[in-house]
Each structure stands twice: as C-alpha cells, then as structure tokens.
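Some notes on the structure that comes next.
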Amino acid sequence: MAILADYHLHSSFSGDSDAPMETMIRRGIELGLERMCFTEHMDPEFPVSDISPAGCYEVNTDSYLYDLLKYRALYGDRIRILFGVELGLQPHLAPLQAAYAASRPFDFIIGSSHLCAGKDPYQPSFWEGRSEEEALREYFSSIIENLEHFSDFDIYGHLDYIVRYAPRKDRDYSYEKYADLFEKILDLLLENGIGLEVNTGSVGYGLKELHPCTALLQRYRKKGGEIVTVGSDAHRPEDLCRFFDRAQEVLKSCGFRYYTVFEKRTPHFVRL
C-alpha cells in the first residue's frame with residue numbers, strides 16, 4: 001500500500017461510530033500507516049430523527065482533543081496522530097463555523113455537504129415529488145452556495161456524497177450531466193485554495209466509483225488542481241484504508257503524482 005495516510009476517520013466521538021479511538025489507532029499501526037487524522041463530526045442543526053437525536057453530530061471538542069493528545073503521547077513514536085474535524089456546511093452557519101475553525105489548533109478541516117436546504121438526502125422524503133436529476137442539481141447548487149459563504153477549510157469532502165442515497169445510486173449519474181455546476185464548484189475551490197478529498201467509502205455503499213467520480217478528478221487536475229487527500233471515511237477499525245490501492249490507481253490515471261497530507265492546516269505533498 002503506497003498511500004500511508006488516512007485523512008478521514010471517525011471514532012466514538014462521532015455520533016455515528018462506536019469505535020474507541022485507541023482501537024482505531026492500533027488498527028492504523030497494524031496497517032503500517034505513517035499518519036492518521038481523526039475528523040470527528042461537527043454538524044450543527046442536523047435534523048432530528050429516529051437515527052439522529054439532537055446534537056448527535058456535534059463533537060465534544062474538548063473531550064475529543066484531550067483523548068487525542070493522550071493517545072498521541074502513548075503512540076506517537078509509532079504513528080503520527082492528527083487533530084481534524086469534519087464540518088457539516090450550511091450557508092447560514094458560516095459565522096459559527098468560522099469561529100469554530102479558529103477556536104482550536106486543528107491540523108486539518110474537511111468541509112462536507114451532508115444536508116441540502118436543511119434536509120437529509122438519507123431520508124426518502126428528500127427525493128419525493130421531483131426527479132433524481134432535479135434533486136442532484138439542487139444539492140450541487142448548494143455546494144456552490146456553501147463555497148460562496150465560507151471557505152476556511154482545507155478539503156471538500158466526498159463532493160458527490162449525495163449519490164450514495166439516490167434512488168438509483170450512480171446508475172444515471174455522470175460528470176457530464178452536471179458539468180455546468182461542477183465547473184463553478186471547481187473554480188471556487190481553486191480560487192480559495194481548497195482541495196478535493198478522494199473518499200473511498202463510496203464502495204461500501206455499492207457505488208461504481210470513488211467520491212468524487214473519476215471524471216471530476218480529471219477535470220480538477222486539468223484546471224491545475226493539485227491538493228488531494230485520501231480518506232476511508234472509516235467509522236470502524238476494519239474499514240481503515242479500504243480501497244486505498246484503488247485510490248492510488250485513480251489518482252495516477254488522472255495525472256496526479258502526489259497526494260496531500262496536512263499538519264497545522266498546511267499542505268505537504270507525498271509522492272504516490
């Protein structure tokens with residue numbers, strides 16, 4: 001395995017994981033990782049439901065950092081443990097998220113779109129009363145709006161996340177179908193120095209490609225984009241680094257020679 005840094009990880013500090021942080025770290029060491037970055041959820045105003053009680057996706061940041069520093073002291077001679085967060089972006093939350101991003105010494109911040117117009121694509125009601133294409137267009141348009149309001153993060157996470165939950169998943173999905181929106185998104189990313197995440201968690205949802213699709217990565221590279229991190233989006237130790245060999249192949253096929261790691265919000269490039 002050539003990619004030795006997993007930059008999208010969740011532990012029991014995220015509401016959708018039961019994995020102890022120490023167990024995740026031990027698994028990372030077993031796999032031969034050089035770096036692992038925890039990116040616990042901070043997703044304010046997430047809709048309350050049977051599977052997401054109030055505050056479910058709002059990490060207790062002080063407790064999280066306390067444990068991370070404790071395990072960094074224990075395991076720091078074997079693996080580099082980085083302090084990250086995954087922000088759930090919504091335009092009206094921009095002031096709150098700007099203050100939060102500046103409130104702690106984060107090594108890395110992912111900006112992600114888990115909601116669209118305050119609605120969760122995981123819920124069947126999100127898709128009712130319109131075509132799949134209309135729903136995806138609204139979602140990708142909301143990414144543009146997010147980027148126009150807030151840019152203090154390092155990577156846009158799983159950019160086409162929504163196809164995980166589309167009724168037909170990615171059977172009718174392609175870069176070309178939404179190229180007009182993707183061009184605006186990529187321009188905003190490049191203008192603000194924000195990179196793209198290659199998220200291998202898509203395969204676990206039965207998708208044909210990684211997040212984002214290969215054609216979008218190719219276009220990002222053609223437009224001069226170079227900042228790409230790789231993350232498994234693991235919520236369990238057994239999912240760390242899943243499909244990283246495939247991520248390496250995709251990145252090389254798109255013309256990338258390096259992947260990116262962050263420390264103290266600063267990108268460093270590692271040869272693939």
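Reckoned from all heavy atoms, side chains included, excluding hydrogens, waters and symmetry mates. The shown structure was predicted, so the numbers you read here are calculated from the model rather than taken from an experiment. FYI, the numbering just counts along the sequence from 1.
Taking the charged nitrogens against the carboxylate oxygens, Glu133 and Arg137 do have a contact shorter than 4.0 Å, which makes a salt bridge. Comment: Arg246 does not engage Glu249 in a salt bridge, judged by the lack of any side-chain N to carboxylate O separation of less than 4.0 angstrom. A salt bridge links Arg104 with Asp62: the distance from a Lys NZ or Arg NE/NH1/NH2 to an Asp or Glu carboxylate oxygen falls below 4.0 Å. Between Glu138 and Arg130, at least one side-chain nitrogen of the basic residue sits less than 4.0 Å from a carboxylate oxygen of the acidic one, meeting the salt-bridge criterion. Of the charged side-chain nitrogens involved, at least one lies within less than 4.0 Å of a carboxylate oxygen, so that Arg80 and Glu263 count as a salt-bridged pair. The pair Asp77-Arg72 does not meet the salt-bridge criterion, since no charged nitrogen lies less than 4.0 angstrom from a carboxylate oxygen.
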Task: Stepwise salt bridge (Lys or Arg N to Asp or Glu O under 4.0 Å) check, Arg265 with Asp154 - done: CA-CA 7 Å; Arg265 305 288 308 280; Asp154 304 307; 2.9 Å; yes
- [ ] Start with the C-alpha gap between Asp187 and Lys184, add the side-chain angles, then the distance that decides, and say whether salt bridge (Lys or Arg N to Asp or Glu O under 4.0 Å) holds.
- [x] CA-CA 5 Å; Asp187 285 343; Lys184 294 178 183 176; over 6 Å; no
Open item on the list: Is there a ring pair (Phe, Tyr, Trp, His ring centres under 6.0 Å) between Tyr161 and Tyr205? Walk through the geometry before answering.
Closed with: CA-CA 10 Å; Tyr161 162 90; Tyr205 289 86; 7.9 Å; no
- [ ] Run the numbers on Phe38 and Phe83 for ring pair (Phe, Tyr, Trp, His ring centres under 6.0 Å), then give the verdict.
- [x] CA-CA 6 Å; Phe38 287 92; Phe83 176 44; over 10 Å; no
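Leu136 approaches Ala166 most closely through the heavy-atom pair CD1-CB, 4.5 Å. Heavy atoms only, all atoms of each residue included: Phe126 and Ala135 are closest at CE2-CB, 4.0 Å.
Under a cutoff of 6.0 Å and an axis angle of 45°, Arg219 and Tyr175 do not form a cation-pi pair.
Of the possible polar contacts, one joining the Thr260 side chain to the Val228 backbone as a donor-acceptor pair under 3.5 Å is found. Proximity of a side-chain donor or acceptor of Glu197 to a complementary backbone N or O of His158 within less than 3.5 Å is detected.
A 6.0 Å sphere centred on CZ of Phe269 holds more than 12 heavy atoms belonging to other residues, nucleotides or ligands.
Asn199 pairs with exactly one of Asp160, Asp233, Thr229 by the side chain to side chain donor-acceptor pair (under 3.5 Å) rule, that one being Asp233.
Using a 3.5 Å distance cut-off with no hydrogens or angles, the side chains of Ser49 and Ser52 do pair a donor with an acceptor.
Partners of Ser63 by side chain to side chain contact (heavy atoms under 4.5 Å, CB included), not counting sequence neighbours, listed by chain and number: Phe13, Asn60.
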Donor-acceptor pairs under 3.5 angstrom involving side-chain atoms of residues 112-120: please list them, not counting sequence neighbours.
unit_1: Ser112; atom_1: OG; unit_2: Glu86; atom_2: OE2; d: 2.7
unit_1: Ser113; atom_1: OG; unit_2: Asn146; atom_2: ND2; d: 3.2
unit_1: Ser113; atom_1: OG; unit_2: Tyr156; atom_2: OH; d: 2.6
unit_1: His114; atom_1: ND1; unit_2: Asp43; atom_2: OD2; d: 2.6
unit_1: His114; atom_1: NE2; unit_2: Glu86; atom_2: OE2; d: 3.1
unit_1: Asp120; atom_1: OD1; unit_2: Tyr122; atom_2: N; d: 3.0

